[in-house]
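Sequential numbering from 1 along the given sequence is applied to the chain's residues. Values reported hereafter were calculated over all heavy atoms of this structure, with side chains retained and with hydrogens, waters and symmetry mates removed. In listed order, ligands and their atoms are each counted from 1.
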Amino acid sequence: MMVLPVWPKRCYRPRLLWGLLSTMIVLMTLRFLTSGGHEELLSHSLPYFMPDKGHPISPPLLPSSDDFLLLPTPEARSSTDPSLLVLVVSTPHHVTQRQAIRSTWGGARWAGKFTVRTFFVLGLPREPSLQSALEQEAAEHQDLVQGRFLDTYGNLTLKTLSLMGWAATHCPGILFLVKVDDDIFLNLPGLAEELEHHTTLVPTYLGEIHWRAWPNRDSRSKHYIPASLYPAEHFPLYCSGAVYVLSGTAVPILLGASRHVPLVPVEDVFVGLCAHWAGILPQHLARLTGAAHYPPDPCCYREVLLSVHKVTPIEMAAVWDSTTPYKKTCQVWQWALGFLRCKALAWMADL
Ligand SMILES: *[C@@H]1O[C@H](CO)[C@@H](O)[C@H](O)[C@H]1NC(C)=O
């Protein structure tokens with residue numbers, strides 16, 4: 001007679017198995033959410049509004065020098081011949097924000113193996129009286145790039161075209177272009193280390209990916225996109241506009257693609273459309289956070305995250321001062337929890 005195996009009465013083993021299994025699922029989900037590399041999976045789940053292969057590459061849409069009012073002198077631009085160019089999208093009256101960046105992360109001239117230069121991009125002030133102050137600021141710091149268009153929210157896409165055009169014409173040798181808003185704390189050493197793992201041979205577009213985003217059809221919204229301009233129901237994948245990275249090779253290609261793409265007034269969507277048209281797939285970098293705000297925690301700002309959004313000039317200076325001269329800011333346990341700890345801090349701050 002055969003002896004059948006029986007479970008102990010209290011079902012001890014299945015429970016243990018369930019525990020292990022659910023822990024594994026939670027860990028795998030967390031890993032999926034906090035790592036990059038799943039953009040291909042995401043991109044297949046989206047209805048595309050146009051084919052992304054087989055376009056001939058158009059010549060880039062380049063600005064002429066008449067398109068700019070203020071420009072850094074050629075010496076100021078090439079004094080370090082940047083391989084990593086940071087362009088901060090600013091606006092005429094944000095003098096304090098620009099000063100906070102200059103005196104913190106924006107003052108760096110090296111990061112990892114890259115030489116770095118940071119410039120501010122803006123348009124024309126509504127109040128003409130502000131222009132003379134801008135001229136003084138430009139003369140003193142040689143770091144303003146001012147396009148000849150009114151600096152308004154509706155012209156942000158023009159500002160992006162203008163900054164990419166300036167980069168392509170004046171700094172053609174760069175390896176990477178980093179576009180950030182002026183309320184971003186950028187962890188340049190961390191970003192440089194990450195970028196060393198990315199090739200610049202193929203055009204690269206990196207950031208925190210927005211997926212399954214759709215056009216806002218409410219005409220009262222500042223993000224309104226009329227169906228006549230963009231009829232499809234979804235956007236292709238695109239990187240959050242607060243901070244994204246383009247390889248130097250991607251910039252002229254996007255400028256070429258911009259001739260074929262509707263000029264939607266939402267800047268990051270527009271870049272995503274250009275990339276999509278050109279067949280450049282965005283890559284997700286979760287540590288390049290664009291959407292959430294993180295409370296000023298030196299470990300998160302200086303080591304774990306690559307960028308933090310919605311940082312006031314005061315917070316920026318405070319986080320910088322508390323950790324200068326640059327030293328390790330994370331305890332071992334903070335390192336071990338890494339990104340999850342910083343996310344948890346952000347969630348708690350939001351409650
Ligand atoms: C964009 O800039 C142009 C040129 O200065 C100006 O005429 C236009 O009104 C601006 N558009 C928006 C939407 O602000």
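- With a 4.0 Å heavy-atom cut-off, ligand 1 is reached by the side chain of Thr152 but not by its N, CA, C or O.
- Taking both residues in full, the closest heavy atoms of Pro265 and Leu229 are given as CD-CD2, 4.0 Å, listed atom of the first, atom of the second, then distance.
- Of the protein's heavy atoms, none falls inside 4.0 Å of atom 9 (O) of ligand 1.
- Any N or O atom pair closer than 3.5 Å counts here, and Arg148 shares no such pair with ligand 1.
- The single protein non-hydrogen atom nearest to atom 1 (C) of ligand 1 is Asn155 ND2, 1.6 Å, given as residue, atom name and distance.
- For the pair Arg302 and Trp320, the distance from NZ or CZ to the six-membered ring centre is under 6.0 Å and the angle to the ring normal is within 45 degrees.
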Arg287 vs Glu303, salt bridge (charged side-chain N to carboxylate O under 4.0 Å, His left out): CA-CA, chis, key distance, verdict: CA-CA 10 Å; Arg287 288 163 67 216; Glu303 290 193 64; over 6 Å; no
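- With hydrogens and angles left out, the side-chain atoms of His141 and Glu137 include no donor and acceptor closer than 3.5 Å.
- For ligand 1, the atoms lying closer than 4.0 Å to a non-hydrogen atom of Leu150 are 2 (O), 4 (C), 5 (O).
- Under a 3.5 Å cut-off, the side chain of Ser90 and the backbone N or O of Leu122 do not form any donor-acceptor pair.
- Of the N or O atoms in Leu158, none lie within a sub-3.5 Å distance of an N or O in ligand 1.
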